[in-house]
Amino acid sequence: MQAVFDRIKESVLKTQVWKSIFRHDYEDSQRNRLLQVLDNIWLHLHPTKLPRHGAYLRFTWCMGGITFLLFLVTAVTGVLLMFYYRPTAEYAFADMKYLQFDVPFGMFLRNMHRWAAHGMVIAVWLHMFRVFLTGSYKPPREFNWVVGVILLTTTLLLSFTGYLLPWDQLSIWAVTVGTNMARATPLLGHEGPFGPELGMKPDNDVRFMLLGGTQVGPPTLLRFYVLHCIFLPLFLAVFIAVHFWRVRKDGGISGPL
Ligand code: HEM
């Protein structure tokens with residue numbers, strides 16, 4: 001049986017189709033192992049060489065990787081939730097209830113999205129804390145720290161915009177309070193420093209732009225939905241790619257101090 005299996009394997013490995021996808025054989029040399037990782041779209045996300053300390057859990061806490069994993073979970077469950085949710089004042093709340101009580105595994109899906117999102121916020125803070133503790137913001141990694149700050153802000157904005165979508169009292173009032181802070185934006189808020197001098201009023205300042213009106217209403221729901229489901233996730237994905245690329249270009253994970 002093993003012999004038959006080996007013969008099939010051998011003939012498959014020789015086909016043009018196999019060779020066009022997997023360009024390297026299984027020869028166990030250092031160079032070949034390196035090429036296998038480099039030439040594969042999925043594997044090349046991993047480094048070809050890993051410093052020993054990079055694999056120590058106590059050094060990275062694996063928090064960057066966990067943040068990324070949780071982002072993937074929220075993205076996949078989020079797309080599934082979109083099949084059941086309509087971002088209008090008329091349907092949003094009812095759609096959430098339908099999802100929770102009628103859709104098979106709907107409650108599970110919604111909670112997976114919610115808990116992964118909460119987990120992502122916690123993990124990104126812990127990751128930043130670890131990077132700070134290990135001094136990994138120092139040269140040559142200053143730029144990646146800045147990219148990290150963009151990632152942190154985007155993660156928090158994703159969390160905030162998602163909070164409005166259930167369209168219940170809690171979310172409407174939380175977002176009312178949250179967006180009131182935008183009144184005090186320097187230059188762009190009608191109560192912020194130099195805002196009134198620049199002609200900012202409740203109906204033309206940055207808060208107005210965010211809400212699509214002077215208070216939280218149906219246009220806000222639609223704006224937050226678009227931000228939450230399209231703009232912010234894509235923006236985050238692009239900067240995560242830059243972040244990972246920089247980790248490689250900066251020589252992999254920094255060493256213990
Ligand atoms: C969506 C958010 C983020 C994701 C998915 C992410 C992911 C990662 C991953 C996978 C690594 C490799 C090492 C590790 O796992 O610890 C890493 C390293 C790094 N991250 Fe992040 N990160 C995020 C946010 C941040 C934030 C908020 C900061 C700081 C403001 C930051 C700064 C850095 C730096 C400087 C490194 C290099 C660390 C070293 O060389 O030891 N990242 N990130």
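Read the numbers this way: they start at 1 and go in the same order the structure lists the ligands and their atoms. What you are looking at is a predicted structure, and each value in this text was computed from that prediction instead of being measured.
For the atom pair H46 NE2 and F244 CZ, the distance stands at 10.0 Å (nearest 0.5 Å).
Looking at ligand 1, you won't find any N or O of Y137 less than 3.5 Å from one of its N or O atoms. Residue S254 has at least one N or O atom closer than 3.5 Å to an N or O atom of ligand 1. Any N or O atom pair closer than 3.5 Å counts here, and T134 shares no such pair with ligand 1.
By heavy-atom distance, the residue among R248, R130, M120, M63 lying nearest atom 38 (C) of ligand 1 is R130.
Looking at N32, its side chain never comes within 3.5 Å of a backbone N or O of S29 through a donor-acceptor pair. The backbone N or O of P202 sits nowhere less than 3.5 Å from a side-chain atom of R183 that would complete a donor-acceptor pair. Not a single donor-acceptor pair under 3.5 Å links the side chain of R207 to the backbone N or O of M181.
The contact set between ligand 1 and F68, taken as ligand atoms under 4.0 Å from a residue heavy atom, comprises 5 (C). Here is the list of ligand 1 atoms found below 4.0 Å of a heavy atom in S136: 35 (C), 38 (C), 39 (C), 41 (O). Of all atoms in ligand 1, listed by their number and element, those nearer than 4.0 Å to a heavy atom of L152 are 27 (C). Within ligand 1, the atoms closer than 4.0 Å to a non-hydrogen atom of V149 are 30 (C), numbered from 1 in the order shown.
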Please evaluate residues F160 and H228 with respect to the criterion side-chain contact (heavy atoms from CB on, under 4.5 Å), reporting the C-alpha separation (whole Å), side-chain torsions for both, the decisive distance (0.1 Å), and the verdict.
CA-CA 9 Å; F160 184 63; H228 186 76; over 6 Å; no
Given side-chain contact (heavy atoms from CB on, under 4.5 Å), test T185 with D205 step by step and report yes or no.
CA-CA 9 Å; T185 312; D205 70 347; over 6 Å; no
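Here the heavy atom of the protein found nearest to atom 12 (C) of ligand 1 is I253 CD1, 3.6 Å. With hydrogens left out, the protein atom closest to atom 37 (C) of ligand 1 is R141 CD, 4.0 Å, a heavy atom.
Between F22 and W18, the ring planes lie tilted relative to each other; the angle falls in the 30° to 60° range. Below 30°, between 30° and 60°, or above 60°: for Y84 and Y98 the angle between ring planes is between 30° and 60°, a tilted geometry.
Each protein N, O or S atom less than 2.8 Å from atom 21 (Fe) of ligand 1 was counted, giving 2.
At a heavy-atom distance under 4.0 Å, only side-chain atoms of F244, from C-beta outward, approach ligand 1.
Residue pairs meeting the ring-ring contact (aromatic ring centres under 6.0 Å, His included) criterion with at least one partner in residues 129-150, sequence neighbours excluded, are F132-Y137, Y137-W145.
Environment of CD in E197: crowded, with over 12 heavy atoms of neighbouring residues, nucleotides or ligands closer than 6.0 Å.
When hydrophobic clusters are built by joining Ile, Leu, Val, Met, Phe, Trp and Tyr residues whose side-chain heavy atoms come closer than 4.5 Å, directly or via intermediates, F68 is grouped together with F235.
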